[in-house]
Amino acid sequence: MGQDASVQADLIAQLQVKIGSLTETIEKRGRDIFGDKNLMSLEEITDASVEFLELLVVVLGSPDPLAHDNPAFTALTRFIGEIAQQILVRGGDMDEFLRYILFLQRLFLESIEEHADMSFGRARALLTFLADLFNELMLAVFHIYLGEREQTIRAQQDELAQASTPITTIWDGVLTLPIIGSLDSQRTMIVMERLLTKIETDRARAVVMDLTGVRAVDSQIAHHLIQMMRAVRLMGATAIVTGIRPDIARALTSLDIELTDMVTRATLADGLKEAFRRMNIEVRERPA
Amino acid sequence: MKRPWHLTRLGAGLWLFEPGEGLDPGAAGDTIEAVSAALLQDRATCLYYDARAVAVIDPLYWAWLRQLARACALLGASFVLVHVRPETAYALSRHCPPPPFACAGSVPGSAPR
């Protein structure tokens, strides 16, 4: 039996001897951290503590415990990852969960210290093994945390994109699109996808694009605006652009693109009047 | 041999062209001749080109549309591209110059898609 295998055997033996007290300690600490904040129910903490130790024993019993293609190790990291995810979803703090894993590591180290007759070489191998094992577990938690963060950021970006491009059917066949902020390639794609689909489903004939809320326009944004108008036209609708500030006019004219086809009006109200006019709709005050 | 397109008279000088799957935009000559003959005979004023079944309009297809539009102009008829898919419009707006013909959401008076 090699050094690694005997280290694993040592750990398994210790776990088997102390399984009761270890489970109790792990569970107690889990209750202190997660139970008080209602992040896990007491039953969940008990189940998780037992399952963790069971999975750990299986990992230790496998030939190459920390190999990434070891199904037992994958099961253990997945299990830890799932708990981390559960805690994150319930509003928990990742710091505390990582401290909990460090606590588990310390618990095992303390149990080794109690064996005074263990040789230095064996103790070092044990410590190295445990450090590697718990580092891997913390990495699994870290990945889950990063994944969750990325997902949150993506969701926020989507929400922001939705909120900042409210396409409204203001009249049958007339859409308004106030563009707020900046227009990068990704946002242009999102706006255009929504706008063109809306034109198709609503059978819209006019789109009033209001640029009053556009922060700044460079040549790239100007290109995106032109592209948007072109696509609207291809869908068979008229794009009426309103709220063009002097700096936007400057950017658009610097592009060396033919703008004679572009329908523009000073304000959103004027743009709507133009859309109505083109659709033979007349809006007027009723005589008193 | 069955033609890979269909031409329908809508009435009052209006015609509808529906391309089929086998339409070869690279060999447009015969199609343009046949369409022109029908339009000329009816003294057509407008040809609607239904693009709802056209998934991709690449430069070759774009050239074919422009060629047909030019033929219509020579016959005194306008050319209107209808039912362009949103994804096609998006792609065209990125890669092609503004169309030298009109576009419409649908053929006037037709039922919704």
Side-chain angles (χ1 to χ4, degrees), chain A residues 165 167 169 171-175 177 183-207 209 220-239 241 252 255-263 275 278-280, chain B residues 10 14-19 25 46-69 72-73 78-113:
Chain A
T165 53
I167 301 166
T169 307
W171 197 275
D172 286 346
V174 181
L175 304 177
L177 169 65
L183 261 187
D184 58 17
S185 300
Q186 197 189 352
R187 190 166 166 224
T188 305
M189 204 170 76
I190 295 167
V191 173
M192 277 180 69
E193 189 189 334
R194 294 187 58 218
L195 178 63
L196 300 181
T197 308
K198 186 85 173 156
I199 290 171
E200 189 190 33
T201 53
D202 280 27
R203 305 185 88 206
R205 285 159 57 196
V207 179
M209 291 162 56
Q220 193 193 22
I221 294 174
H223 262 296
H224 289 147
L225 284 170
I226 299 283
Q227 187 191 332
M228 225 183 259
M229 286 177 240
R230 209 174 271 175
V232 168
R233 193 183 156 196
L234 281 159
M235 292 295 293
T238 306
V241 185
L252 288 173
L255 284 178
D256 197 24
I257 291 174
E258 187 55 60
L259 299 171
T260 46
D261 286 348
M262 193 168 154
V263 182
R278 283 169 177 262
M279 294 175 69
N280 297 322
Chain B
L10 301 173
L14 307 180
W15 288 76
L16 176 69
F17 183 94
E18 294 169 280
C46 182
L47 176 69
Y48 292 100
Y49 191 105
D50 192 338
R52 91 177 73 200
V54 184
V56 179
I57 296 184
D58 58 9
L60 188 65
Y61 205 98
W62 184 247
W64 144 246
L65 288 176
R66 292 181 60 195
Q67 204 178 337
L68 187 59
C72 287
S78 54
F79 178 90
V80 182
L81 186 66
V82 294
H83 294 152
V84 177
R85 293 185 187 187
E87 62 273 23
T88 311
Y90 175 72
L92 278 177
S93 69
R94 283 173 65 95
H95 305 298
C96 293
F101 43 76
C103 299
S106 58
V107 176
S110 66
R113 278 180 274 197

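Order of the sequence lines sets the chain letters (A, B, ...), proteins ahead of strands, with each chain counted from 1.
Atom CH2 of A/Trp171 is surrounded by 12 or fewer heavy atoms from other residues, nucleotides or ligands within 6.0 Å. In B/Asp58, the CG atom is crowded: over 12 heavy atoms of neighbouring residues, nucleotides or ligands sit closer than 6.0 Å.
Considering only heavy atoms from C-beta on, A/Arg203 comes within 4.5 Å of B/Ser106 through its side chain. Considering only heavy atoms from C-beta on, A/Met228 stays 4.5 Å or farther from B/Ser93 through its side chain. In this structure, A/Arg230 and B/Cys96 have side chains that are not in contact, with every pair of non-hydrogen atoms separated by 4.5 Å or more. By the 4.5 Å heavy-atom criterion applied to side chains, A/Met235 and B/Cys103 are not counted as neighbours.
Taking CG from A/Leu196 and CD from B/Glu87, the interatomic distance works out to 9.5 Å, rounded to the nearest 0.5 Å. Of the inter-residue distances, the one linking B/Arg94 atom CZ with A/Met192 atom CE reads 8.0 Å to the nearest 0.5 angstrom.
Shortest non-hydrogen contact noted between B/Pro98 and A/Arg233 is CB-NH1, 4.2 Å. The minimum heavy-atom distance between B/Val84 and A/Leu234, with the atom names listed, is CG2-O, 3.3 Å. Across every non-hydrogen atom of A/Gln227 and B/Tyr90, the tightest pair is NE2-CE1, 3.7 Å.
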